[in-house]
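This chain uses plain numbering: 1 for the first residue, then up along the sequence.
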Amino acid sequence: MKKPALVLILLCAACGSETATKRIPFSLDEGGIQLSDRPLRIDFGRTDHSAISAMGKLMSQPGKIGPGCNGFNERFWPDGTRLFFDDANFIGWERLGQSAGIVCA
């Protein structure tokens, strides 16, 4: 393989990995999750499947399954964000001592 082709391959690989780890800015509010740079939201009542998938994209990594409580399912991320689900719906979030919706007490 010629050196210019190898350099191009390495540059493309580096670009791909950098993009994959870039988080999308968001804020947590009384209705759910608001993306900071666009009008899209993840509102309470959204299905667990779509909320977990969307949050994984925002955080650039899938959430881990937490212990849950009171029959709620939980997903959490390293920054302390926790999402709670009742049956198959997004019902609450908690992060750094703040929360909204229905969460574990």
Side-chain angles (χ1 to χ4, degrees):
M1 180 180 290
K2 295 181 179 182
K3 286 185 181 181
L6 179 59
V7 170
L8 181 60
I9 290 170
L10 291 174
L11 284 173
C12 289
C15 292
S17 64
E18 183 176 311
T19 303
T21 60
K22 185 176 180 184
R23 288 181 51 170
I24 298 170
F26 66 91
S27 61
L28 301 167
D29 62 31
E30 292 300 313
I33 302 164
Q34 173 67 55
L35 278 67
S36 299
D37 61 350
R38 51 196 95 164
L40 302 174
R41 295 187 50 82
I42 304 170
D43 287 320
F44 295 141
R46 189 168 176 172
T47 64
D48 59 349
H49 177 73
S50 65
I52 291 167
S53 175
M55 191 65 177
K57 290 177 184 175
L58 295 179
M59 299 296 279
S60 74
Q61 62 182 300
K64 295 182 180 180
I65 298 172
C69 67
N70 304 329
F72 302 150
N73 296 316
E74 175 188 346
R75 292 290 174 121
F76 69 93
W77 285 264
D79 74 342
T81 301
R82 298 168 63 195
L83 302 185
F84 298 95
F85 302 89
D86 181 14
D87 296 323
N89 297 310
F90 173 38
I91 59 169
W93 61 261
E94 181 179 273
R95 181 170 64 182
L96 305 174
Q98 297 185 354
S99 64
I102 302 169
V103 298
C104 294

Is a side-chain donor or acceptor of [X] paired with a backbone partner of [Y] at a separation under 3.5 angstrom?
| X | Y | result |
| --- | --- | --- |
| Asp79 | Thr81 | yes |
| Trp93 | Val103 | no |
| Gln34 | Phe26 | no |

Tell me the closest heavy-atom pair linking [X] and [Y], and the distance in Å.
| X | Y | answer |
| --- | --- | --- |
| Arg23 | Ser60 | CG-OG, 3.9 Å |
| Ile24 | Lys57 | CD1-O, 4.0 Å |
| Pro67 | Glu74 | CD-OE1, 3.6 Å |
| Ile42 | Leu58 | CD1-CD1, 3.8 Å |
| Asn89 | Gly45 | OD1-O, 3.4 Å |
| Ser36 | Ser27 | OG-N, 4.0 Å |

**Study point:** Min side-chain heavy-atom separation Leu83-Met55 under 4.5 Å
**Key:**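 When only atoms from C-beta onward are counted, Met55 and Leu83 do touch, with a gap below 4.5 Å.
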Practice item. For Leu28 and Gln98, run side chain to side chain contact (heavy atoms under 4.5 Å, CB included): C-alpha distance rounded to whole Å, both residues' side-chain angles, the deciding distance at 0.1 Å, then the answer. Key: CA-CA 9 Å; Leu28 301 167; Gln98 297 185 354; over 6 Å; no
Check your understanding: Are Leu40 and Met59 co-members of a hydrophobic cluster defined by side-chain heavy atoms under 4.5 Å apart?
Key -> yes
Practice item. Could I get the full list of salt bridge (Lys or Arg N to Asp or Glu O under 4.0 Å) partners for Asp43, not counting sequence neighbours? Key: Arg41
Point to revise | Within residues 51-90 or reaching into it, pairs that qualify as ring-ring contact (aromatic ring centres under 6.0 Å, His included) - sequence neighbours excluded | key: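 Qualifying pairs, neighbours excluded: Phe44-Phe90, Phe85-Phe90.
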Practice item. Only pairs at least two apart or in different chains count here, so list each disulfide bond (SG atoms under 2.5 Å apart) that has a residue in residues 56-105. Key: Cys69-Cys104
